[in-house]
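Here's the structure we're looking at; comments come further down.
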Amino acid sequence: QVQLVESGGGLVQTGGSLRLSCAASGSIFSTNAMGWYRQAPGKQRELVAVVTSGGSTNYADSVKGRFTSSRDNAKNTVYLQMNSLKPEDTAVYYCKWSGYYVGSYRQYDHWGQGTQVTVSS
């Protein structure tokens with residue numbers, strides 16, 4: 001099993017910044033991708049940013065130029081630096097880990113518990 005611990009959410013004013021962190025631990029053999037999704041009230045969960053094992057990052061169009069995601073492979077940790085925050089960024093942000101356990105033969109996905117980000121206008 002894999003455990004994900006998220007931190008860094010909170011309340012910030014429009015134009016402010018926050019940094020989210022997500023650390024994966026457990027019986028990890030290899031990590032393929034780690035990333036961030038968000039879900040606003042009444043909306044579906046959507047991709048924010050995903051960092052692949054090769055280090056490339058894909059961003060949602062709505063956050064390009066404002067958010068930056070990075071990984072520390074040695075620590076199995078992914079970060080999301082959020083700048084120029086807008087009220088529409090308000091959501092619960094979830095970390096997702098995709099990879100292999102020790103002894104597994106297929107890829108598994110795990111989600112963090114979510115952290116609230118609220119941007120006031």
Side-chain angles (χ1 to χ4, degrees):
Q1 290 290 336
V2 174
Q3 297 79 43
L4 300 176
V5 177
E6 302 171 1
S7 61
L11 173 64
V12 65
Q13 291 186 335
T14 297
S17 298
L18 284 173
R19 187 176 189 241
L20 306 183
S21 299
C22 173
S25 63
S27 301
I28 297 172
F29 177 74
S30 65
T31 298
N32 287 347
M34 292 187 74
W36 297 93
Y37 292 71
R38 68 186 181 186
Q39 188 166 17
K43 295 188 176 181
Q44 291 188 333
R45 190 173 297 188
E46 63 177 4
L47 170 73
V48 177
V50 174
V51 185
T52 68
S53 58
S56 61
T57 307
N58 297 320
Y59 295 98
D61 288 342
S62 58
V63 307
K64 284 181 181 177
R66 301 187 298 122
F67 291 10
T68 303
S69 190
S70 60
R71 268 174 65 171
D72 183 333
N73 290 329
K75 296 181 179 180
N76 273 318
T77 299
V78 65
Y79 306 95
L80 183 67
Q81 178 66 43
M82 304 184 291
N83 299 328
S84 302
L85 282 160
K86 305 175 181 180
E88 50 263 44
D89 295 318
T90 295
V92 177
Y93 283 69
Y94 296 91
C95 172
K96 182 182 178 183
W97 173 91
S98 298
Y100 291 81
Y101 304 145
V102 173
S104 70
Y105 294 93
R106 69 171 181 89
Q107 179 172 290
Y108 288 85
D109 296 333
H110 277 278
W111 293 89
Q113 78 282 3
T115 185
Q116 178 70 45
V117 171
T118 303
V119 184
S120 63
S121 56

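Position 1 is the first residue of the sequence; numbering continues from there.
With sequence neighbours excluded, the residues that form a side-chain hydrogen bond (donor to acceptor under 3.5 Å, both in side chains) with Ser56 are Thr52. In terms of the side-chain hydrogen bond (donor to acceptor under 3.5 Å, both in side chains) criterion, Asn58 has no residue partners (sequence neighbours excluded). Remark: Lys75 engages no residue in a side-chain hydrogen bond (donor to acceptor under 3.5 Å, both in side chains) (not counting sequence neighbours). A search for side-chain hydrogen bond (donor to acceptor under 3.5 Å, both in side chains) contacts involving Ser62 returns Arg38, not counting sequence neighbours. Checked against salt bridge (Lys or Arg N to Asp or Glu O under 4.0 Å), Asp72 has no partners two or more places apart in sequence or in another chain. Contacts of Arg66 classified as salt bridge (Lys or Arg N to Asp or Glu O under 4.0 Å), with partners at least two apart in sequence or in another chain: Asp89.
Defined by atom type and a distance below 3.5 Å, a donor-acceptor pair is present between the side-chain atoms of Asp109 and Ser98.
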For residues 111-119, dump all side-chain donor-acceptor pairs below 3.5 Å to protein atoms at least two apart in sequence or in another chain.
unit_1 : atom_1 : unit_2 : atom_2 : d
Thr115 : OG1    : Gly9   : N      : 3.4
Gln116 : NE2    : Ala91  : O      : 3.4
Gln116 : NE2    : Thr118 : OG1    : 3.3

Only pairs under 3.5 Å count here: list side-chain donor-acceptor contacts from residues 12-26, not counting sequence neighbours, and write none if there are none.
unit_1 : atom_1 : unit_2 : atom_2 : d
Thr14  : OG1    : Ser120 : O      : 2.8
Ser17  : OG     : Asn83  : OD1    : 2.9

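Across every non-hydrogen atom of Ser69 and Val51, the tightest pair is OG-CG2, 3.4 Å. Nearest approach of Lys64 to Tyr59, heavy atoms of both residues: CE-O, 3.4 Å. Between Gly103 and Tyr105, the closest heavy-atom pair is O-CE1, 3.4 Å.
For residues 61-84, no residue pair satisfies the ring-ring contact (aromatic ring centres under 6.0 Å, His included) rule, not counting sequence neighbours. For the disulfide (SG to SG under 2.5 Å) condition, no pair includes a residue of residues 33-94, sequence neighbours left out. The list of ring-ring contact (aromatic ring centres under 6.0 Å, His included) pairs with a residue in residues 4-30, not counting sequence neighbours, is empty. Pairs passing the disulfide (SG to SG under 2.5 Å) check and including a residue from residues 35-68, sequence neighbours excluded, do not occur.
No side-chain heavy atom of Met82 sits under 4.5 Å from any side-chain heavy atom of Val48.
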